[in-house]
Amino acid sequence: MRLHPCPRRGLRALTVPGASAGDAVPWIVVGAIGDGVALVPVAADGSRGDTTRLDRRDFADRVRRTEGTARWVWSDTTAWYPALLAGGVRVARCHDLRLAHAILRDSARAVAADRLRSATEWDAAASVVDDGPSALFDIDPGTREVPHDLDSALAEFERQREVIAASAAGLRLLVAAESVGALVATEMHAAGVPWDAEVHDGILTGLLGPREPAGRLPARIEALGAEVRALLGDPGVSLDSQPKLLRALHRVGVAAASTSKWELREYDHPVIAPLLEYKRLMRLFTANGWAWRDEWAPDGRFRPVYVPGGVVTGRWASSGGGALQMPRQLRPAVRADPGWSLVVADVAQLEPRVLAAMSRDAALADSARDTDLYEGIVSRGVVSTRSEAKFALLGAMYGATTGDSGRLVPALRRAYPRAMGLVDDAARVGEEGGVVSTWLGRSSPPPSPGWRALQGSAGDPEATEADRTRARRAARDRGRFTRNFVVQGTAAEWALAWLGDLRARLAALPLVDEVDAAPRSGPLHARQAHLAFFLHDEVIVHTPAAHAALAAEAVSLAADAATRLLFGDIPLDFRLDLQVRIDAAKE
DNA sequence: AACTTTAATGGG
DNA sequence: GTCACCCATTAAAGTT
């Protein structure tokens, strides 16, 4: 069985409307009609085929039969796809109207997008739906959503096709990449990250003491709390209330202005060490303790909710479970199932490499060539230590003006004028109130009315010096935002291309059944290598151990493919730190 | 009582 | 060690 008909050509997953006249695979627009589902083929020239009406119970089967010869167009992947996955159906390609609308509506590179901007019913957040076959039909009535009916989908797809056809090619690719990201996000939520409760327990118990009944603190936190209160001379003081803790600290002569650990560690007082330890353990207990696992990883899988396009730059956000801030401390709890392995890969210095590629800065690309990029900057004599190189480059991309990194930026500007010119230009445009765009064409939001008013009032004859200072500061703030936007946003595009390509390559690997000859049923992610986690520049693939080498190769090949897809044939590698983890089998 | 904001800390 | 960019989550405090 092959769900993806073109296994070696991962880029097929990124095919976009109108991209190739010779590509006969039709778009099939999916929409709700009454209690059922309707499908309407749309050809490359926009002509529509006959409408097929289905009972919603037959939807997954129909998609399963048609998949491979279709590209699915639907209102919102979060509304339609969970039911398909629950029915054991994975699709290779889709066009997510909600996500595409947001990109095309705001892009400075979109041509004739006025009609899209008028279709405000498509300005909405993702569906808030539960998993399960009836996901689409269990919509929370209080949530503003995009329309899911067939006519709305057909009309919006028509508008989007026109804009895409008239616009720069990058937008086609961006819409396709964003859509495949939506598929990946839903699939990863369904599959989850393999999470070993025993390892998690071991970490928690070792640091906090055994789990206590609800409402009780673990012994180690209790003990530290008692010690701290004794040293503060106040047995009743609440350590979790910032103002109360601060007052108690002042009473014993610690004149801190805040209770942050960075500030507290500057003080030499016996209470500091146990207090910092108390805070550290309390954080672990409240954010990632037993209660967290009961809610987010109750069944041996951690299932964060990914939100593609949730960040203004195009990065993914998350909602629930704290997928984006799983502490490194807990990483050991991510363990492959028995007989399976994890392929863990992250891109070394993704953003600096993206900057080198998009600015076509040959000197920076050269510094990234045969070694660690930061070491490359040092070996070319730009700065003298690796840590200086790192802070200088981060400072250049974030807009630092003070401190060590600000001091080092001029040296970078001399060595890498094209790269620095790109981010400096983006900052200037932002300060002037303009809009900047990523490599593929995602645009920054325009300045707020408040920002414009502030700049305008600073030009008034009656403006005070304070007005002008505030306006200047706001302009600089916006400049730092747009400076970073172009790099962070393009890095997000590279990562989407990586994910999309990798997903197709993994789907082409054999099913477990084909390896151990023991026929199995169940979801595809239980039978085949699959993406399990993604975080900006890092992926985790959960794979049958027999396929670990193939999966690792796929991760590397996908990174190369993403680089070529975005930037063409450039002399620059996106180096991966790649590990294959084969965890010892549990009893 | 319900909601929003703040401070702190976790991630890239 | 710091913070310059993008975030989420928690508890307590503040607001309505």
Side-chain angles (χ1 to χ4, degrees), chain A residues 217 237-247 256-266 275-289 291-292 295-296 304-331 334 346-352 354-355 387-388 390-409 412 423 426-427 430 436 438 442 444-445 473 476-492 494-495 533-539 577:
Chain A
L217 289 175
V237 67
S238 163
L239 304 180
D240 306 319
S241 156
Q242 194 255 3
K244 290 172 189 164
L245 174 59
L246 206 53
R247 280 196 294 272
S258 82
T259 60
S260 79
K261 69 175 169 188
W262 296 111
E263 181 158 5
L264 291 182
R265 74 163 46 145
E266 298 304 313
L275 175 57
L276 291 178
E277 183 68 356
Y278 173 91
K279 285 162 70 79
R280 186 174 79 88
L281 297 184
M282 195 58 145
R283 166 85 187 182
L284 175 65
F285 175 67
T286 55
N288 293 101
W292 172 86
E295 184 170 2
W296 296 104
V305 177
Y306 300 94
V307 184
V311 177
V312 62
T313 56
R315 275 185 173 180
W316 290 10
S318 76
S319 148
L324 276 60
Q325 44 266 114
M326 188 209 303
R328 309 191 75 81
Q329 205 178 16
L330 292 181
R331 278 304 187 97
V334 178
D346 69 275
V347 192
Q349 305 110 23
L350 174 58
E351 291 188 0
V354 160
L355 175 57
S387 128
E388 281 186 346
K390 180 173 179 175
F391 284 109
L393 208 43
L394 292 177
M397 291 187 300
Y398 293 164
T401 53
T402 58
D404 288 348
S405 52
R407 180 171 54 76
L408 293 163
V409 167
L412 231 49
V423 288
V436 297
T438 60
R442 193 189 307 262
S444 65
R473 179 160 50 228
R476 296 262 162 76
D477 286 348
R478 189 157 192 283
R480 282 196 303 277
F481 166 63
T482 52
R483 168 190 294 271
N484 185 248
F485 182 94
V486 294
V487 180
Q488 188 182 116
T490 303
W494 186 94
F533 188 71
F534 166 65
L535 209 177
H536 307 321
D537 61 355
E538 173 186 7
V539 297
D577 289 328

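Chain identifiers are assigned alphabetically (A, B, ...) following the order of the sequence lines, protein sequences preceding nucleic acid strands; residue numbering begins at 1 within each chain. Since this is a predicted model, take the numbers as computed values, not measurements.
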Query raised in the report: Does A/R280 have any salt bridge (Lys or Arg N to Asp or Glu O under 4.0 Å) partners at least two apart in sequence or in another chain, and if so, which?
Result: A/E277
Query raised in the report: With sequence neighbours left out, what residues match A/R476 under salt bridge (Lys or Arg N to Asp or Glu O under 4.0 Å)?
Result: none
Query raised in the report: How would you label the contact of A/G321 with the nucleic acid (heavy atoms, under 4.0 Å): base, sugar-phosphate, or nothing?
Result: sugar-phosphate
Report task. Would you indicate what A/T401 reaches in the nucleic acid, counting non-hydrogen atoms under 4.0 angstrom: base, sugar-phosphate, or nothing? Result -> nothing
Indicate every side-chain donor-acceptor pair of residues 308-319 of chain A with a distance under 3.5 Å to a residue at least two apart or in another chain.
from   : atom 1 : to     : atom 2 : distance (Å)
A/T313 : OG1    : A/Q488 : OE1    : 2.7
A/R315 : NH2    : A/E351 : OE2    : 3.3

Query - side chain to side chain contact (heavy atoms under 4.5 Å, CB included) partners of A/S241, counting only residues at least two apart - result: A/S238, A/P243, A/K244
Report summary line: The side-chain hydrogen bond (donor to acceptor under 3.5 Å, both in side chains) partners of A/T438 (sequence neighbours excluded) come to A/E493
Report task. Give A/S238 one of three labels, base, sugar-phosphate or nothing, depending on what nucleic acid heavy atoms sit under 4.0 Å from its own. Result -> nothing
**Report entry** Touch class at under 4.0 angstrom, heavy-atom based, for A/V487 against every strand present
**Finding:** nothing
Report task. State which residues pass salt bridge (Lys or Arg N to Asp or Glu O under 4.0 Å) with A/R331; sequence neighbours excluded, sorted by chain then number. Result -> A/E538
Requested in this report: Report which part of the nucleic acid A/R483 touches: base, sugar-phosphate, or nothing (heavy-atom distance under 4.0 Å, all strands).
Outcome: nothing
Report summary line: 5'-most to 3'-most nt of DNA chain C touching chain A (<4.0 Å, heavy-atom partner on protein side) reads C/dG1 to C/dA13
Query raised in the report: Distance from A/L350 atom CG to A/L355 atom CG, nearest 0.5 Å?
Result: 11.0 Å
Query raised in the report: 5'-most contact on DNA chain C: A/G322 or A/R315, nearest heavy atom basis?
Result: A/R315
Query raised in the report: Base, sugar-phosphate, or nothing: which does A/M397 touch, judged by heavy atoms less than 4.0 Å apart?
Result: nothing
**Report entry** First-last contacting nucleotides on DNA chain B - partner chain A, under 4.0 angstrom, heavy atom
**Finding:** B/dA7 to B/dG12
Requested in this report: Tell me what A/T402 touches on the nucleic acid: a base, only sugar-phosphate, or nothing, going by heavy atoms under 4.0 Å.
Outcome: nothing
Requested in this report: Could you tell me which residues satisfy salt bridge (Lys or Arg N to Asp or Glu O under 4.0 Å) with A/D240, sequence neighbours excluded, listed by chain and number?
Outcome: none
Query raised in the report: So what does A/R283 hit on the nucleic acid, given a heavy-atom distance under 4.0 Å: a base, only sugar-phosphate, or nothing?
Result: base
Query - From A/L324 atom CG to A/F534 atom CZ, the distance as rounded to the nearest 0.5 Å - result: 9.0 Å
Query raised in the report: Taking for each residue the nucleotide of DNA chain C with the nearest heavy atom, is it A/F391 or A/S405 whose nucleotide lies nearer the 5' end?
Result: A/F391
Query raised in the report: Contact class for A/Q242 (heavy atom, under 4.0 Å): base, sugar-phosphate, or nothing?
Result: sugar-phosphate
